[in-house]
Amino acid sequence: MFSVPYQPEIIEKKWQQIWEEQQAFRATEDYSKPKYYCLIEFPYPSGAGLHVGHPRSNTALDIIARKRRMEGYNVLYPIGWDAFGLPTENYAIQHHVHPAKVTRDNIDHFRSQLKRIGFSFDYSREVNTTDPGYYRWTQWIFLKLYEHGLAYKAEMPINWCTSCKCGLANEEVVDGVCERCGSEVVRKVKNQWMLRITHYAQKLLDGLDTVDFIDRVKAQQRNWIGRSEGAELDFSIRDSDETLRVYTTRPDTLFGATYMVVSPEHPLVDRLADRIQNLDEVLNYRTEAAKKSDFQRSELDHVKTGVQVKGLAAINPVNGNEIPVWVADYVLMGYGTGAIMAVPAHDARDWEFAKAFNLPITPVFSGGNVQEAVHNTGDEDVAINSGFLNGLPVPQAKQRMIEYLEEKGLGERKINYKLRDWVFSRQRYWGEPIPIIHCPHCGVVPLKETDLPLLLPDVEHYETTDSGESPLSRMDDWVNVPCPVCEAPAKRETDTMPQWAGSSWYFLRYCDPHNDNAFASQEALDYWMPVDWYNGGMEHTTLHLLYSRFWHLFLHDIGLVKAPEPYQKRTSHGMILGENGEKMSKSRGNVINPDDMIDEIGADAFRMYEMFMGAFDQAIPWNTNGARGCKRFLDRVWRLQSMVDEKARGLSKRLRVQVNSAIEKVGEDYERMKYNTAIAALMSLVNDYYDVGSITPDELKALLLLLSPVAPHICEEIWQLQGYGDPLYRQPWPQYDEKYLVADQVEIAIQVNGKIRGRMMVDSELDKVQAERELPLHPQVAPLIDGRQVVKLVYVPGRLLNLVIK
RNA sequence: GCGGGAAUGGCGGAAUUGGCAGACGCGCUAGAUUCAGGUUCUAGUGAGCAAUACGUUCAUGCAGGUUCAAGUCCUGUUUCCCGCACCA
């Protein structure tokens with residue numbers, strides 16, 4: 001009788017040590033083998049330690065990585081630390097510790113937590129974004145961006161977090177507040193480093209067609225890039241040389257333009273100031289608009305405000321009509337040309353505005369009553385009141401108008417994107433210094449590559465200055481340097497890079513993490529890239545995922561990486577909620593600590609529950625009892641050892657189908673990230689084993705091989721206890737035999753008029769003729785069809801027979 | 001408003017091309033084992049009717065439709081979640 005107890009705390013430690021000693025999960029430099037690159041988003045090592053969300057993603061790809069190794073691939077499954085950033089800096093400020101020390105401690109803590117869960121990371125390739133050996137190359141890529149005109153400095157109104165005292169990218173502002181700290185974000189004009197991501201808008205869009213990303217990621221990125229097609233055209237201003245250029249997606253409605261709107265900041269107001277009769281009123285409106293944050297602008301439920309610019313009239317280029325010009329803050333300076341032609345009949349916003357200020361509404365497409373409600377045109381509506389467009393349906397009218405405008409030189413086809421350039425400066429300490437020197441004579445001077453890394457100096461105070469400058473600006477010794485070109489006294493750039501910089505290329509560094517001569521060798525990049533499978537959070541879709549695609553597209557364009565796209569496949573996990581169904585947070589008191597769970601049920605059961613709790617891509621509430629259920633299952637697996645019997649062979653012949661279909665099902669489900677059903681299939685298999693009561697070593701082996709990616713420690717231990725030879729991680733992935741997927745006998749449901757009236761075990765080979773002869777004889781069914789006419793027989797082999805009777 | 005997704009027992013969730021709805025787990029009920037139990041084992045567990053049994057009716061947000069057959073397909077509709085949003 002088998003009597004060794006299952007003690008996860010002992011065997012897990014034991015196997016983690018063995019794997020480490022044997023370097024079981026090292027990615028090798030044997031470039032002749034087929035490779036597989038699995039990637040999870042490297043964590044930010046916060047002081048709070050690991051939360052239960054990390055293991056969901058990590059375990060999911062750990063399963064894939066372990067399976068791929070068993071399938072013979074050279075697998076790269078790396079880990080690292082995205083360690084620059086605000087929380088660390090804030091902690092350092094509060095506790096008067098150097099952020100570098102905080103980072104080091106947090107990383108040590110994170111690493112030990114991750115190791116305890118038994119992930120098959122290749123720790124020899126760890127990267128750390130705050131390591132000068134790493135950020136040297138982050139700075140180097142920045143210099144390349146600068147060299148190619150993609151990094152520039154500009155005086156820009158930017159998003160300014162009032163609490164972090166720091167500029168933010170558009171992507172970092174959520175609902176008008178700072179994504180990180182939730183404080184109010186205001187507009188502030190600052191001289192900022194910007195990255196020209198807009199230059200890549202179309203490539204970022206086109207690239208999506210070439211990769212295997214889940215649909216919602218693609219949709220969200222497309223939406224964020226926000227491409228729209230239309231035309232730009234000029235309206236002349238009466239009695240002046242000025243023209244007013246507008247962007248519209250509906251040039252076909254040009255005859256319906258009854259007024260113009262420019263945004264409050266529009267330069268036309270300044271250029272024609274002396275002609276504006278109500279200049280005070282207009283400037284006053286401008287001041288009021290400037291006071292509103294973007295958030296307030298959209299919060300006001302879109303109640304339209306505006307002021308007519310008296311003394312100005314625009315001329316509609318197609319019909320010569322004079323129309324009034326208004327300023328209103330529903331037109332944004334940052335999109336298109338900052339000015340629109342208003343077609344109230346067919347645009348909801350213009351319609352509301354026209355109603356509010358009693359402006360004329362002229363329909364230019366058939367259908368709808370535009371005095372009552374705005375008319376959103378359909379493709380079948382035809383142009384009216386539109387001169388040469390009359391009678392044309394929308395698509396043709398659009399085409400015809402653009403041709404007309406281009407012929408007459410009034411305007412041209414134009415594509416616009418909502419995507420904005422990336423605000424790349426942060427007025428903070430704990431980030432990569434921007435390797436730039438400002439010289440009074442030479443202007444902006446990039447550092448020489450040989451001067452990299454530009455080390456982050458030690459400072460006494462990490463706080464942003466009162467004037468909103470980076471703490472580095474107080475470091476006179478560091479700031480004041482001779483210009484590398486003319487040697488005149490010059491100053492270093494004191495802003496640092498945003499947290500997203502280091503993570504925009506880390507997956508490249510993993511390919512060759514210790515290289516001192518390049519960010520990675522060509523050979524390593526050619527072999528490992530692209531990432532075959534990348535899993536991460538949806539919250540990074542329009543941040544990290546977009547930024548890193550941009551950097552990679554750029555590196556591709558300058559010939560440094562082979563493929564344009566970095567990630568072949570992108571999937572995303574759902575969030576784990578607290579037991580009460582709410583988002584986990586300290587303030588709600590519903591946080592589950594992975595360490596506590598592992599203390600109680602062990603890492604294997606913990607990993608298993610993370611995968612079993614529900615559909616991988618959906619948000620799921622944690623349930624500690626459910627996790628205990630997984631522990632219970634592993635106990636049952638452990639006890640299977642007392643049922644192993646060489647002589648069981650004859651008895652358990654009936655398990656052949658179950659084992660073979662489990663191999664098929666579990667393998668496929670892992671690939672499709674249907675971990676919950678894969679585990680359910682394994683549970684069913686174990687239930688079958690218990691039903692039979694005695695199993696062969698081969699049956700146990702099959703189970704262990706299938707279960708090992710999810711619960712590797714217990715499987716290795718049983719494998720060893722049973723004397724099955726080489727460690728499990730070196731075994732090949734099991735194969736199923738096609739001919740044992742179907743049982744000899746199957747149960748057929750017998751329906752009468754679609755209702756089940758009986759079931760019968762039959763030979764699985766039973767053909768239609770036999771089935772239609774034999775099955776209706778079923779004792780429950782025969783009386784029902786006795787004396788009735790059978791109109792139709794539908795036989796689905798292996799499933800059912802339906803008798804349609806009258 | 002635009003885009004994406006979802007709705008199935010007390011709970012998390014299963015269900016290839018339409019083919020036996022509720023796999024698997026949690027919880028719950030009863031019994032057995034145990035000095036003990038957050039142990040193990042056995043049986044049961046969608047609702048109703050029934051109480052003779054492999055009986056019967058109703059059930060996948062709602063209302064229709066197609067089909068021998070619908071959670072799955074079609075039309076309409078409601079609710080919820082996520083992302084974007086005065087983007088012209």
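Each chain gets a letter, A, B and so on, in the order its sequence line appears, and its residues count up from 1. Quick note: numbers below take in every heavy atom, side chains included, and nothing from hydrogens, waters or symmetry partners.
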Mind checking Arg227(A) for me? I need base, sugar-phosphate or nothing, with any heavy atom below 4.0 Å counting as a touch. nothing
Taking syn as within 90° of 0 and anti otherwise, name the glycosidic form of G9(B). syn
By the 4.0 Å heavy-atom rule, please label Asn676(A) as base, sugar-phosphate, or nothing. sugar-phosphate
Is a donor-acceptor contact shorter than 3.5 angstrom present between the side chain of Lys418(A) and the base of C84(B)? no
Say we look at C11(B) and C86(B): how far apart would their P atoms be, to the nearest angstrom? 39 Å
Roughly how far apart, to the nearest Å, are A63(B) and G9(B) at atom C1'? 24 Å
Over all strands shown, is Arg222(A) touching base, sugar-phosphate only, or nothing at heavy-atom distances under 4.0 angstrom? nothing
Distance check, P atoms only: C58(B) and G44(B), in whole angstrom units. 26 Å
Heavy atoms only, 4.0 Å cut-off, all strands: where does Asp617(A) land among base, sugar-phosphate and nothing? nothing
Measuring from Met608(A):CE to Ile714(A):CD1, what's the distance to the nearest 0.5 Å? 9.5 Å
Please state the C1' separation for the pair U33(B) and C41(B) - nearest whole angstrom. 7 Å
Is it the case that the base of C68(B) and the side chain of Asn802(A) share a donor-acceptor contact (distance under 3.5 Å, atom types as modelled)? yes
